[in-house]
Amino acid sequence: MTGLIGKKLGHSRIFDEKGNSVPVTVVQAGPCYVSEIRTQQKHGYDSLQLGFAEKRQKKINKAEAGHFAKANVPVLQHVREFRDFENFAGFKLGDAIKADIFKVGDLVKAIGTSKGKGFQGVVKRHHFGGGPVTHGESDRTRAPGSMGGSSYPSRVWKGMRMAGRMGGERVTVRNLRVVKVDAENNILMLRGSIPGANNSIVIISK
């Protein structure tokens, strides 16, 4: 798996060679710095620890400062591990990995945190159709209806779709195609939408 930490910048569109409008999500992917290399012999598995987005020195403790100083990288705000990185042996501490590891036409997956919607009813949360407005039920149009049997099972089953907190969850979207790569500015354009609000952190990986 090859991946980067990035920031979702927003949605736009581009036109292909046939003049078709292609909806895209613009992501600033990198540069990410190798802050630690984990090996099978020492840690029990192989991975690269990548950091993204610099932050002020005063915002970290001594342990974090020592960790980044050892890797000879700037103080980084977001750190993630990527296992089974392609050409794993070719990386060393402090290397910068940029958006050019992706090519136009690559299929990638995007992992992000969906927008938090707070407490929502069943119509918005689970797309219920609502009840009728006739026969004295004018106030039940967005109600969930019956949640369980009266004689059997005489209780509400676990997992019943009901009102509750919506969003704010880790979401993975697969098979997004890379339609444009701006290597100079570390910008990726992915066909379709990815989870999260603008300026939220996402992980893009092959």
Side-chain angles (χ1 to χ4, degrees), residues 1 3-30 52-53 55 77-82 99 102 104-182 186-206:
M1 182 183 79
L4 285 176
I5 310 169
K7 180 169 67 172
K8 177 180 176 179
L9 299 181
H11 296 93
S12 184
R13 66 173 178 169
I14 62 175
F15 295 92
D16 61 15
E17 61 277 1
K18 296 181 180 180
N20 298 320
S21 175
V22 180
V24 296
T25 301
V26 184
V27 179
Q28 180 188 347
F52 172 72
K55 65 178 180 180
Q77 188 169 359
H78 306 283
V79 178
R80 299 289 188 278
E81 281 191 11
F82 293 83
F102 297 104
V104 173
D106 285 348
L107 289 179
V108 300
K109 68 177 180 180
I111 303 173
T113 302
S114 61
K115 292 182 181 180
K117 303 294 185 180
F119 192 97
Q120 297 296 332
V122 293
V123 173
K124 180 167 182 173
R125 193 180 187 210
H126 298 296
H127 310 294
F128 279 22
V133 295
T134 58
H135 301 289
E137 293 202 14
S138 60
D139 62 338
R140 309 293 295 164
T141 55
R142 298 178 72 89
S146 176
M147 292 180 293
S150 60
S151 61
Y152 178 83
S154 298
R155 62 185 174 87
V156 178
W157 290 102
K158 285 186 177 181
M160 181 68 64
R161 293 178 298 169
M162 299 172 65
R165 290 191 57 178
M166 178 182 176
E169 300 175 333
R170 179 185 172 99
V171 178
T172 301
V173 178
R174 293 177 172 84
N175 295 324
L176 297 168
R177 189 172 299 278
V178 178
V179 295
K180 188 173 182 179
V181 179
D182 183 353
N186 291 301
I187 297 295
L188 290 179
M189 292 189 182
L190 310 177
R191 184 186 179 103
S193 61
I194 64 176
N198 290 350
N199 297 318
S200 63
I201 296 300
V202 295
I203 297 175
I204 308 297
S205 59
K206 292 185 181 178

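These values consider heavy atoms only, across backbone and side chains, with no hydrogens, waters or symmetry-generated copies. As the structure is a prediction and not an experimental result, all values here were calculated from the model.
Under the 4.5 Å side-chain criterion, counting only non-hydrogen atoms from C-beta, Asn198 is not in contact with Leu9. With a 4.5 Å cut-off on side-chain heavy atoms, Val79 and Phe52 do not count as touching. Counting only heavy atoms from C-beta outward, the side chains of Lys7 and Ser200 never approach each other to under 4.5 Å. No side-chain heavy atom of Lys8 sits under 4.5 Å from any side-chain heavy atom of Asn199. Leu176 places a side-chain heavy atom less than 4.5 Å from the side chain of Ile194. Residues Ser205 and Val108 form no side-chain contact, since every pair of their non-hydrogen atoms from C-beta on lies 4.5 Å or further apart.
In terms of the side chain to side chain contact (heavy atoms under 4.5 Å, CB included) criterion, residue partners of Val24 (sequence neighbours excluded) are, by chain and number, Ser12, Ile14, Val22, Val179, Met189. A search for side chain to side chain contact (heavy atoms under 4.5 Å, CB included) contacts involving Lys115 returns Lys117, Ala197, not counting sequence neighbours. For Asp16, the side chain to side chain donor-acceptor pair (under 3.5 Å) partners two or more places apart in sequence, or in a different chain, are Asn20. Remark: Asp182 pairs with Asn185 by the side chain to side chain donor-acceptor pair (under 3.5 Å) rule, at least two apart or across chains. For Arg155, the side chain to side chain contact (heavy atoms under 4.5 Å, CB included) criterion is met by Pro153, Trp157, not counting sequence neighbours. A search for side chain to side chain contact (heavy atoms under 4.5 Å, CB included) contacts involving Tyr152 returns nothing, not counting sequence neighbours.
For the pair Lys180 (side chain) and Val104 (backbone), a donor-acceptor distance under 3.5 Å is absent. Remark: the backbone N or O of Gly196 is not paired with any side-chain donor or acceptor of Thr113 at under 3.5 angstrom. One N or O on the side chain of Ser114 and one on the backbone of Glu169 form a donor-acceptor pair closer than 3.5 Å.
Summarising the geometry, atom CD belonging to Gln77 is positioned 11.0 Å from atom CD1 belonging to Ile5; distances are rounded to the nearest 0.5 Å. Distance check, rounded to the nearest 0.5 Å: OG1 of Thr172 to NZ of Lys109 gives 6.0 Å. Annotation: the span from Ser21 atom OG to Phe15 atom CZ amounts to 4.5 Å, rounded to 0.5 Å. Rounding to the nearest 0.5 Å places CZ of Phe102 at 11.5 Å from CG of Leu107.
Across every non-hydrogen atom of Arg161 and Val122, the tightest pair is O-CG1, 4.3 Å. The nearest pair of heavy atoms linking Val202 to Gly112 is CG1-CA, 4.3 Å. What you find for Ala110 and Ile204 is that their closest heavy atoms are CB-CD1, 3.7 Å. Minimum heavy-atom separation, Ile187 to Ala99: N-CB, 4.3 Å.
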Q.
Could you walk me through whether His11 and Val26 satisfy the side-chain contact (heavy atoms from CB on, under 4.5 Å) test, starting with their C-alpha distance in whole Å, then the side-chain angles of each, then the deciding distance to 0.1 Å, before giving a yes or no?
A. CA-CA 6 Å; His11 296 93; Val26 184; over 6 Å; no

Q: Apply side-chain contact (heavy atoms from CB on, under 4.5 Å) to Leu4 and Phe82, showing your working.
A: CA-CA 8 Å; Leu4 285 176; Phe82 293 83; 5.6 Å; no

**Q.** Candidate pair Asp106 and Lys206, rule salt bridge (charged side-chain N to carboxylate O under 4.0 Å, His left out), full reasoning
**A.** CA-CA 8 Å; Asp106 285 348; Lys206 292 185 181 178; 3.7 Å; yes

Please set out all donor-acceptor pairs under 3.5 angstrom arising from side-chain atoms of residues 123-149, sequence neighbours excluded.
{"from": "Arg125", "atom 1": "NE", "to": "Arg165", "atom 2": "O", "distance (Å)": "3.3"}
{"from": "Arg125", "atom 1": "NH1", "to": "Met162", "atom 2": "O", "distance (Å)": "2.8"}
{"from": "Arg125", "atom 1": "NH2", "to": "Arg165", "atom 2": "O", "distance (Å)": "3.1"}
{"from": "His126", "atom 1": "NE2", "to": "Met162", "atom 2": "O", "distance (Å)": "3.2"}
{"from": "Ser146", "atom 1": "OG", "to": "Gly148", "atom 2": "O", "distance (Å)": "3.4"}

